[in-house]
K.L.:
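Just passing along the structure, written as structure tokens.
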Amino acid sequence: MTPEMFIAAKAAQAIKALYGAEVEASTLQVSVTRKEFEGDFTLVVFPLLRMSHSTPENTGNAIGQWLKDNVPEISDFNCVKGFLNLLFSNVYWNGLFKEITTDPSFGNLPSTGKNIMVEFSSPNTNKPLHLGHIRNNLLGDSVSKLLKAAGNNVIKTTLVNDRGIHICKSMLAWQKVGEGATPASSGKKGDHLVGDMYVAFNDIYKKEVDELIAGGMSEDEAKKEAPSLKEAHLMLQKWEAGDKDVRDLWATMNGWVFEGFDQTYAALGIDFDKVYYEHDTYLLGKELVQEGLRKGVFVTDPDGSVWCDLTGDGLDRKIVQRSDGTSVYITQDLGTAEKRFSENSLDSHIYVVGNEQDYHFQVLKLILGKLGFAWADDIFHLSYGMVELPEGKMKSREGTVVDADDLIQKMYEEAKATSEESGKLADMTDEEKDKLYHMIGLGALKYFIIKVDPKKTMLFNPKESIDFNGNTGPFIQYTHARIRSILRKAQDKGICLDAAGLPEVALSAKEIRLIKILNTYPSKVGEAAAALSPAVIANYAYDLAKEFNQYYHDTPILKEENADTLMMRLVLIDAISAVLRKAMAILGIELPERM
RNA sequence: GGUUCCGUAGCUCAGCUGGAUAGAGCAACAGAUUUCUAAUCUGUGGGUCUAGGGUUCGAAUCCCUACGGGACUACCA
């Protein structure tokens with residue numbers, strides 16, 4: 001039971017004893033006392049005035065007095081305006097401290113038994129990953145970990161967009177201007193090589209369009225008539241017909257891309273439980289179109305195209321099948337969702353996709369509901385904001401796209417430079433250093449992105465490197481390294497941590513604050529999971545680390561002469577380091593032993 | 001036209017299931033190392049929480065309107 005719940009329950013008893021009124025404890029408002037006031041927890045008394053028929057001060061004082069007299073854990077109180085501040089006794093804090101430090105599964109929420117699928121990343125195979133994808137990947141990965149910590153079974157998945165006209169464009173350009181280059185021959189990472197081919201196609205295409213316009217054609221017509229585009233369409237038809245040469249090239253070039261992606265995923269520390277490929281799923285959903293027609297959910301237009309009328313829901317008409325009988329993007333999404341729910345007995349399915357697709361998911365959910373699937377309510381679009389540069393959106397045409405591999409490398413270099421400057425790691429092997437720089441650089445990058453509320457558009461300034469001071473990943477990593485250093489020294493002195501055997505000791509105000517913050521960790525996990533917001537965990541970890549650093553600054557730990565107090569402090573900081581590790585693990589950030 | 005998200009310090013962001021005097025970091029300035037890691041800590045300055053109305057004992061938080069910014073509304077994916 002949390003202290004808040006404890007107080008609420010006791011306060012309900014007080015109200016019954018004093019005013020004869022029955023109050024549901026869960027309706028009482030109890031919060032941590034603001035630090036300007038004296039107290040541990042605060043009961044808001046305003047809502048109770050209709051029972052006491054008295055002033056806020058009198059009501060607060062009466063309840064406070066009753067609690068002090070009848071609840072041994074509550075040692076004192078004061079009432080400011082309508083806020084009843086309650087102080088817990090040292091015995092109480094010792095008890096809570098022991099509960100936290102002796103529970104090996106502290107922070108892991110009880111199992112919900114629910115199966116949740118999280119789809120994220122879902123890359124195109126014609127472009128290397130950039131900063132926007134990094135936000136997607138980090139969010140998806142950390143939300144998965146968060147939901148797991150909150151007691152769910154999580155299946156991480158991705159849908160690789162590996163077919164379609166855009167892939168044919170890259171293939172065509174490779175045939176025309178690629179000169180047989182392979183990742184091995186060119187020394188380029190596969191995804192970058194194919195990305196270059198996609199850019200090359202657009203150059204060719206643009207040149208052709210310009211020439212056609214110069215020859216007197218209208219722009220719209222020129223865009224349709226450019227020979228390279230026609231060739232790409234022809235190639236797509238061949239692909240769909242299963243033409244061996246086209247399929248072979250497609251498989252080869254996709255192989256290069258996947259190899260490149262795998263490297264980036266590995267560098268980010270991200271993996272998936274199930275990978276779906278669009279070439280396997282793009283035909284799904286056609287039966288659902290027929291089913292929708294039978295049920296009268298969809299209608300056929302004179303030209304044969306199939307639509308769903310959503311005007312009654314305040315939206316537009318949505319096409320679900322083209323007049324030539326082929327399916328559109330949403331059709332396969334309908335089919336894929338149906339397949340996933342029926343195959344995995346899912347309780348919930350979360351799509352981590354940028355907010356430019358808000359409309360799409362609104363439509364998807366509506367249509368699934370209209371088709372009669374009860375689980376339509378169990379799909380969630382975790383819609384995140386764009387990552388913008390100071391001058392606005394990233395534009396490949398203007399060369400402002402921040403490449404994922406470059407950025408990861410840059411962060412590594414920054415971490416290396418900062419570490420070398422400090423000169424603390426002279427005795428480490430090169431291998432250890434390399435691992436550490438990667439940990440710090442990646443920690444800075446991940447934290448920078450995850451600490452922002454997912455739904456907000458966020459800004460990244462490539463000219464200013466991501467900070468290592470203040471509210472950052474390395475700050476928390478550094479805090480952890482400091483704690484571990486003390487614990488190592490304690491161990492060298494032959495001290496064994498013994499949380500269970502710790503007798504009652506006097507706790508300082510700072511120590512009580514730290515225990516309070518530690519104690520809120522499980523509820524933060526629950527809160528963050530409910531909101532699908534790892535940012536909540538990031539900010540929690542920062543608060544805890546900051547509080548520790550203040551404590552560290554003015555409280556000597558190893559110099560403490562009283563053996564019990566020394567032990568209490570070691571157990572306390574050990575618990576802090578453990579919670580920091582758990583919290584940061586949810587964000588996919590590792591914490592070093594030293595740095 | 002419709003749908004939807006956002007607007008808090010010079011900058012980047014917390015706080016938003018209503019509670020006390022709206023918080024951090026960065027940047028600026030002033031300090032703290034014979035001491036467990038200075039990637040740290042302490043202090044100073046910095047605010048019409050876009051605006052206006054409403055609900056309430058109480059609103060940055062909830063509701064309405066306006067303004068400003070973004071995204072979507074393709075027989076693209």
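Order of the sequence lines sets the chain letters (A, B, ...), proteins ahead of strands, with each chain counted from 1. Not measured: the values here are computed from a predicted model.
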K.L.:
For A:Gly39 and A:Leu87, which heavy atoms make the closest approach, and how far apart are they?
P.N.:
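Scanning both residues completely, I find the closest heavy atoms to be CA-CD1, 3.6 Å.
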K.L.:
Looking at the base of B:A20, is there any donor atom on it, or on the side chain of A:Asn85, that sits under 3.5 Å from an acceptor on the other one?
P.N.:
yes
K.L.:
Test for a donor-acceptor pair under 3.5 Å between the base of B:A39 and the side chain of A:Ser419, counting only N and O atoms.
P.N.:
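A donor-acceptor contact between them is present.
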K.L.:
Would you indicate which nucleotide in B:A14, B:A20, B:A24 comes nearest to any side-chain atom of A:Lys81?
P.N.:
B:A20
K.L.:
Within the 4.0 Å heavy-atom criterion, would you say A:Gln477 contacts the bases, only the backbone, or no part of the nucleic acid?
P.N.:
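Contact class for A:Gln477: none.
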K.L.:
What nucleotide among B:C41, B:A77, B:A20 has an atom nearest to a side-chain atom of A:Phe475?
P.N.:
B:C41
K.L.:
Can you tell me how far P in B:G25 sits from the matching atom in B:C67, rounded to whole Å?
P.N.:
38 Å
K.L.:
Going by salt bridge (charged side-chain N to carboxylate O under 4.0 Å, His left out), name the residues that satisfy it together with A:Lys223, two or more places apart in sequence or in a different chain.
P.N.:
A:Glu219
K.L.:
Between B:A77 and A:Arg322, is there an OP1 or OP2 to side-chain N/O distance shorter than 4.0 Å?
P.N.:
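Yes, within the criterion.
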K.L.:
Angle class for the A:Tyr437/A:Tyr412 ring planes (parallel below 30°, perpendicular above 60°, tilted otherwise)?
P.N.:
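Rings of A:Tyr437 and A:Tyr412: perpendicular, as their planes differ by over 60°.
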K.L.:
So which atom in A:Met394 and which in A:Val402 form the shortest heavy-atom distance, rounded to 0.1 Å?
P.N.:
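That would be SD-N, 3.3 Å.
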K.L.:
Who is the Watson-Crick or G-U wobble partner of B:C26, with both distances under 3.5 Å?
P.N.:
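B:G10 is the nucleotide pairing with B:C26.
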K.L.:
Between protein and nucleotides 7-11 of chain B, what N or O pairs are separated by less than 3.5 Å?
P.N.:
{"from": "B:G7", "atom 1": "OP1", "to": "A:Lys456", "atom 2": "NZ", "distance (Å)": "3.1"}

K.L.:
List, with names and distances, any nitrogen or oxygen atoms from the protein found under 3.5 Å away from nitrogen or oxygen atoms belonging to nucleotides 34-36 of chain B.
P.N.:
{"from": "B:C36", "atom 1": "O3'", "to": "A:Lys489", "atom 2": "NZ", "distance (Å)": "3.2"}
{"from": "B:C36", "atom 1": "O2", "to": "A:Ile557", "atom 2": "N", "distance (Å)": "3.4"}
{"from": "B:C36", "atom 1": "O2", "to": "A:Leu558", "atom 2": "N", "distance (Å)": "3.1"}
{"from": "B:C36", "atom 1": "N3", "to": "A:Ile557", "atom 2": "N", "distance (Å)": "3.0"}
{"from": "B:C36", "atom 1": "N4", "to": "A:Tyr552", "atom 2": "O", "distance (Å)": "2.5"}
{"from": "B:C36", "atom 1": "N4", "to": "A:Thr555", "atom 2": "O", "distance (Å)": "2.4"}

K.L.:
Under 4.0 Å: is that the gap between some side-chain N or O of A:Arg50 and OP1 or OP2 of B:C57?
P.N.:
no
K.L.:
Counting only distance, no hydrogens or angles, is the base of B:A20 paired donor-acceptor with the side chain of A:Thr42 under 3.5 Å?
P.N.:
yes
K.L.:
Provide the Watson-Crick or G-U wobble partner of B:A59, both distances under 3.5 Å; none if there is no partner.
P.N.:
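Looking at the geometry, B:A59 pairs with no nucleotide.
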